[in-house]
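For ligands, and for the atoms within them, numbers begin at 1 and follow the listed sequence. We number each residue from 1, following the sequence as shown.
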Amino acid sequence: MAFWRAPGIYWLMPISIVLHAGAALFTFLHRRSLRGLTITEKVQFGLGVTLPILLFIHISYGRLGYQVNGRPLYYSYFFHMIEEDGFLTVFLIAYSLFLGMVWGHGCIGLHRWLSLKPWYSRFWLACYTLAIMPYITSMMGVVAGYRETSFRKSDSNWLLKLDGQAQWLTTEGTPMSSKEIDQIVMSFAFQLIGAFFASVMLGIIIRLVWLQIEKRRSTIEVRYSDGGNVKVPAGTTILEASRLAGVSHASICGGHGRCSTCRTRILIGADGIATPMDEEAKILHRIGAAPNIRLACQVKLQDDIYIHPMLKHAQPTDGHPRPAYADGEEVDVTLLFADLRGFTQMANQRLPFDVVFILNQYFELMGEAIESSDGYLDKFIGDGIMAIFGMRSGAEIGAKQAISASIKMGQQLEILNLRLQDELDSPLQIGIGLHRGNAIVGNMGYGEAMAVTAIGDTVNVASRLEGACKTLGVQLVVSEGVLDAAGVEFPDVKQKKVEVRGSEKPISVFPVEDAATLKPISIGT
Ligand code: FES
């Protein structure tokens, strides 16, 4: 009791009820359409409406005696009272449900907020444990309180003491019966519930009137890249327009400008919208958004617009910081292509199990070589590998990393051939092509198959240089541009010119017979 009666704590619950109810009413009035609510939002919304009713009964019992009568309703006395009234089982079931609802409502809110933090997924288990522990310990407290009361109820001195401390008194100073207490408490609780419903009704009326006024205002048209369109009153946000139109438009934070998942590409009409305010600009910067991308929940429309919502459905991770190239950017990168020589022919003579076993070992060792050199493993295509270097670190570091990865790949191949010497008729051979230049880098694909990749001439040339390994009879072909950017020389390697399909001029390259024999290079930072 000392804790709950402490200054600051005592008023915490009534204040939070008023704030919650006010915030819920504001959201309700602010949101033009209730369409598009996720299941979690619906549960939280439903609990938000139900909980005040239960909380009013709870505070009426807990606070009224203390506030009005100057006598706290101690838990022990409360247990004693409900046991006398025969409500104990009902109380225990109702209490555990009620506590679960209140706590669940709070945890959902915290989870939605925290899931936007990049570190949250790592500490998820700890947070989950922290979330359920208070509920479990509270229920243990209820059971312990009840057991203590049952144990001591035969102690008449204890009961007398309890009555003296906690029993409510009438104006004449005589003790009230529990029925009289129930009547007073419930009548007070019903007054609070009545006031709550009156505020909800008032909110609904204000909303209806507001909608009527808005209908008379000028309307604007929002057109979507997939062909849909909707007419909405001026001043509506893009996200609200999507909800009114029934268009799937991600909004993990519910339109509070925190998650960035409502990001939208403005195809036509960007001039008619105000520039981003500080908060929106900060989030757009965090996700490396291109200039024509805006947060749908923050843009209020004053003119017709043509848009493309970038995410129909989203995960919290979609709101995490993203590199600048995520939406597409031209970046000076080094591309690496690698391929196993003659593997298709070898695979035809082997059991599928053997083929998968050998390939997975190969991919593992080559993947390690690329990732340990800070390269981005773009994809495995059949027995081929594509990797990108320098997307974040820049051309010089990227080129050095790619050369370093090639050397490691040569070394890993030697390890693999030693491992498989009893299984293979002849050692595995690979060809690696490295080329540097501008490529369009971005998140491309569809649904689950969406990933960062690169396209453009640089990619095609790198792939052809890998093919040139075969004609030149070497393991690695590095274009001159890679060595220039890396500031590295291969003094023992003779420079050559190779014709590459699709390239106007021959490309100057350095063919390396065995990548593992190259001197390791220092990458720096
Ligand atoms: S909905 Fe989260 S930022 Fe717009």
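Counting heavy atoms closer than 4.0 Å to ligand 1, residue Ala250 contributes nothing at all. If you look at Gln298 next to ligand 1, there are no close heavy atoms at all, none under 4.0 Å.
Taking a cut-off of under 4.0 Å to the non-hydrogen atoms of Cys262, the atoms of ligand 1 that pass are 1 (S), 3 (S), 4 (Fe). Of all atoms in ligand 1, numbered sequentially from 1 with element shown, those under 4.0 Å from a heavy atom of Ser251 are 1 (S). Atoms of ligand 1 found under 4.0 Å from any heavy atom of Gly257, numbered from 1 in the order shown, are 3 (S). Below 4.0 Å from some heavy atom of Gly255 lie the following atoms of ligand 1, by number and element: 1 (S).
Taking 2.8 Å as the threshold, Cys259 counts as a candidate ligand of atom 2 (Fe) of ligand 1, since one of its N, O or S atoms lies below it. Residue side and main chain included, Cys253 places no N/O/S atom under 2.8 Å of atom 4 (Fe) of ligand 1. Because the distance cut-off is set at 2.8 Å, Cys297 fails to qualify as a neighbour of atom 2 (Fe) of ligand 1, as none of its N, O or S atoms comes that close.
No close placement of the Phe337 and His435 rings is indicated, their centers lying 6.0 Å or farther apart.
Between Arg243 and Glu240, none of the side-chain N atoms (NZ, or NE/NH1/NH2) sits under 4.0 Å from a carboxylate O, so this pair counts as no salt bridge. Using a 4.0 Å cut-off between charged side-chain N and carboxylate O, Arg223 and Asp304 make no salt bridge.
Using a 4.5 Å cut-off on side-chain heavy atoms (C-beta onward), Asp374 and Arg392 make no contact. Residues Met277 and Gln298 are not in side-chain contact: their nearest non-hydrogen atoms beyond the backbone lie 4.5 Å or more apart.
Nearest non-hydrogen protein atom to atom 3 (S) of ligand 1 is Ser260 N, 3.2 Å.
Residue Phe363 places its CZ atom among more than 12 non-hydrogen atoms of other residues, nucleotides or ligands, all under 6.0 Å distant.
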For this session: Please step through side-chain contact (heavy atoms from CB on, under 4.5 Å) for the pair Asn460 and Asp457, ending with a clear verdict.
Result: CA-CA 5 Å; Asn460 298 337; Asp457 273 353; 3.9 Å; yes
